[in-house]
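Just below is one structure, and these are the notes that go with it.
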Amino acid sequence: MAGLGEQIAREQRTMGPLLVAAVVIGLIGLPVAAWLDLRDLSERMLRTQASEISRIIDEMRGFYGSEVVGRVLQADDAVTATHNYRDVPGAIPIPATLSIELGKRISAHDGSVKYRFVSDLPFKGRDPHQLDVFERNAIFALRANPREPIIEVSGSLFDRHVRAAAPVVMGQVCVTCHNSHPDSPKTDWKVGDVRGIQEISVKQPIAANVLAFKYLLLYFGFAAAAGLTFILLQRRQSALVQGINKELSEANDFLAAISLKIAKYLSPQIYKSIFSGQKDVTIATERKKLTIFFSDVKDFTAIVERLQPEDLTVLLNEFFTEMSTIALKHGATVDKFIGDALLVFFGDPETQGVEEDARACLRMAVDMQRRLEQLNRVWRDRGVERPFQARMGINTGYCNVGNFGSDDRMDYTIIGAEANLAARLQSIAEPGGICLSYETYALVRDLVRARPLAPIAMKGISREVVPYEVEGLLGELAQRPQVISEHATGLDLFLDVEAIDENGVERAKKRLSEALLALTIRSKPAAF
């Protein structure tokens with residue numbers, strides 16, 4: 001994964017300047033290419049126009065030399081102007097005929113410019129000319145308004161065709177000639193009338209000018225190549241990123257699985273604080289006022305001797321699972337399991353205040369004892385004659401809490417005399433009982449009924465410690481489910497007041513009454 005990351009980094013360092021260069025070239029290249037192509041196109045159009053004008057002038061000069069000057073030089077008599085000048089020796093063409101003949105000559109060549117002189121009223125004897133729609137409409141429109149230009153643009157995707165029509169306006173000489181000429185189809189012409197039209201037609205094939213944009217084509221070719229290269233590089237980088245993402249996903253899955261396994265060895269609060277970055281995994285401690293809980297199973301050595309290792313393992317694991325669940329529910333930090341003993345504390349890494357931590361610890365201990373009574377009933381049904389009875393001790397005081405150990409391996413735990421005191425209080429508690437230090441009792445006295453025991457002394461604590469044995473519960477704890485459990489030779493009693501239903505209550509009353517009567521009869525002295 002590191003190799004792919006370095007490869008992506010190299011490509012990004014390379015692509016950055018390339019992308020900047022491509023953008024700069026693109027911004028500068030487009031106007032430069034357009035300007036160069038426009039310059040070439042203008043030169044091409046000017047050359048075409050010059051060539052066409054030169055051809056038209058040559059045609060006019062040639063016609064003038066052969067049909068005008070040549071005929072004048074050959075004339076024996078006076079020179080006349082007539083429309084049928086070829087039939088009259090020494091005659092030259094009138095203007096209309098001149099225009100018609102020039103149009104034939106100019107249009108005879110395969111050029112881009114063509115010229116025609118047409119009218120819907122030709123002289124008799126002229127070659128017939130079929131007017132198209134544009135020419136008819138142009139004559140009609142120009143007779144109505146001679147000053148309105150007539151232009152038509154047509155063509156296809158590959159060429160354009162422009163036709164422009166200008167009016168041929170009758171002057172005084174033209175009117176006199178046409179009104180008196182025997183071949184004229186109309187003899188009432190007036191000055192200013194439109195005789196016909198002069199049509200100029202220009203064709204320009206677009207395909208022929210496409211290559212004129214060679215610089216733009218080169219620019220677009222370069223842009224296309226650059227774009228394609230960029231796409232290929234992006235796809236390559238995307239593939240690399242996908243590869244990294246896949247490896248990251250696999251690594252994350254692996255780390256998630258590992259973290260879940262590691263979580264089994266840590267208290268959830270510690271696990272959360274480490275993986276969220278709230279705490280560093282370094283050897284560091286701090287002094288805090290905590291409430292410490294310590295529990296131990298009574299006569300565990302004897303239980304070990306009676307049970308097979310496999311059964312004992314199942315029993316102990318189930319016991320710790322249930323106790324840990326209750327501890328976590330009340331917000332405790334589970335420190336460690338020591339054989340059959342359990343050490344938890346309140347106040348780090350999360351705390352609700354010293355008083356509320358102590359109250360939560362007491363609630364937890366009560367729930368643990370009640371749950372253990374329920375478990376004992378289940379275990380007896382499995383054939384365990386003497387299940388667990390736990391002693392519990394609770395103390396509140398200052399301890400050092402944090403990471404202890406070496407740089408290679410450490411343990412998040414607490415040390416101090418106050419932690420040892422919790423263990424000592426556990427040792428003097430009754431089986432199934434809870435013993436509090438005065439410091440804890442002072443914080444929870446409104447929840448519990450307790451009696452003081454004989455003071456004890458401990459190494460590391462200068463004062464005498466007065467233990468308090470919990471006898472009953474007050475307030476909110478008294479409203480919790482009640483479990484009555486007692487076991488001895490010939491006695492097996494378990495009653496969960498909260499769980500029993502109405503039918504069960506009546507049955508329990510009946511059976512308990514029968515038991516009480518039997519015990520009363522047994523206790524009476526025998527009669528002789």
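Quick caveat: nothing in here was measured; it's all calculated off a predicted structure.
Residue Lys246 places its NZ atom among 12 or fewer non-hydrogen atoms of other residues, nucleotides or ligands, all under 6.0 Å distant. In the displayed structure, Lys190 atom NZ is contacted under 6.0 Å by at most 12 heavy atoms of other residues, nucleotides or ligands.
Note that OG of Ser295 is 9.0 Å distant from CG of Leu343, once rounded to the nearest 0.5 Å. How far CG of Leu342 is from CZ of Phe320: 6.0 Å, rounded to the nearest 0.5 Å. Here the OG1 atom belonging to Thr396 is positioned 10.5 Å from the CD atom belonging to Glu355, to the nearest 0.5 angstrom. The distance from the NZ atom of Lys288 to the CG atom of Asn400 is 12.0 Å, given to the nearest 0.5 Å. Residue Phe319 holds its CZ atom at 11.5 Å from CG of Asn317, rounded to the nearest 0.5 Å. Between the CD atom in Glu418 and the OH atom in Tyr398 there is a gap of 10.5 Å [rounded to 0.5 Å].
Formation of a donor-acceptor pair under 3.5 Å by the Thr176 side chain with backbone atoms of Gln172 is found in this model. Side-chain atoms of Glu135 come within 3.5 Å of backbone atoms of Asp132 as a donor-acceptor pair (strictly under, hydrogens ignored). No donor-acceptor distance shorter than 3.5 angstrom exists from the side chain of Asp335 to the backbone of Thr413, with no hydrogens or angles considered. A side-chain donor-acceptor contact under 3.5 Å links Thr333 to the backbone of Asp348.
Taking every heavy atom of both residues into account, Ala138 and Ala165 meet most closely at CB-CB, 3.8 Å. When all heavy atoms are compared, the tightest approach of Thr440 to Ala358 is CG2-CB, 4.4 Å. Taking both residues in full, the closest heavy atoms of Pro122 and Pro185 are given as O-CG, 3.4 Å, listed atom of the first, atom of the second, then distance. The two residues Ile415 and Cys399 have their closest heavy-atom pair at O-CB, 3.6 Å. Annotation for Phe337 and Ser324: closest pair CZ-OG, 3.3 Å, computed over non-hydrogen atoms.
Tested against Glu322, the residues Lys329, Arg370, Arg371 include a single salt bridge (charged side-chain N to carboxylate O under 4.0 Å, His left out) partner, Arg371. Each of Arg195, Arg143, Arg136, Lys186 was scored for a salt bridge (charged side-chain N to carboxylate O under 4.0 Å, His left out) with Asp120, with one residue passing: Arg143.
Taking the six-membered ring where tryptophan is involved, the planes of His178 and Trp189 are perpendicular, since the angle between them exceeds 60° and thus also 30°.
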One pair to check against side chain to side chain contact (heavy atoms under 4.5 Å, CB included): Asn395 and Glu439. What are the steps and the verdict? CA-CA 7 Å; Asn395 178 40; Glu439 287 77 4; 4.2 Å; yes

Worked verdict on Ile338 versus Phe294 for side chain to side chain contact (heavy atoms under 4.5 Å, CB included): CA-CA 10 Å; Ile338 311 168; Phe294 197 92; 4.3 Å; yes

Any chance you could lay out the side chain to side chain contact (heavy atoms under 4.5 Å, CB included) test for Leu375 and Glu318, step after step, and finish with the verdict? CA-CA 9 Å; Leu375 289 174; Glu318 189 173 354; 4.1 Å; yes

Dump the intermediate steps for side chain to side chain contact (heavy atoms under 4.5 Å, CB included) on Gln352 and Phe346, then the final yes or no. CA-CA 9 Å; Gln352 298 181 11; Phe346 289 78; over 6 Å; no

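A salt bridge links Arg363 with Glu356: the closest approach of a Lys/Arg side-chain nitrogen to an acidic carboxylate oxygen falls below 4.0 angstrom.
When side chains are defined from C-beta on, Val194 does not count as touching Val168, because their heavy atoms never get closer than 4.5 Å. In this structure, the side chains of Arg359 and Leu443 stay at 4.5 Å or more apart for every pair of heavy atoms. Side-chain contact between Ile414 and Ile292: present, with at least one pair of heavy atoms (C-beta onward) separated by less than 4.5 Å.
A side-chain donor from one of Tyr115 and Gln198 sits under 3.5 Å from a side-chain acceptor of the other. Side chain to side chain, Thr291 and Asp357 fail the donor-acceptor criterion of an N or O pair below 3.5 Å.
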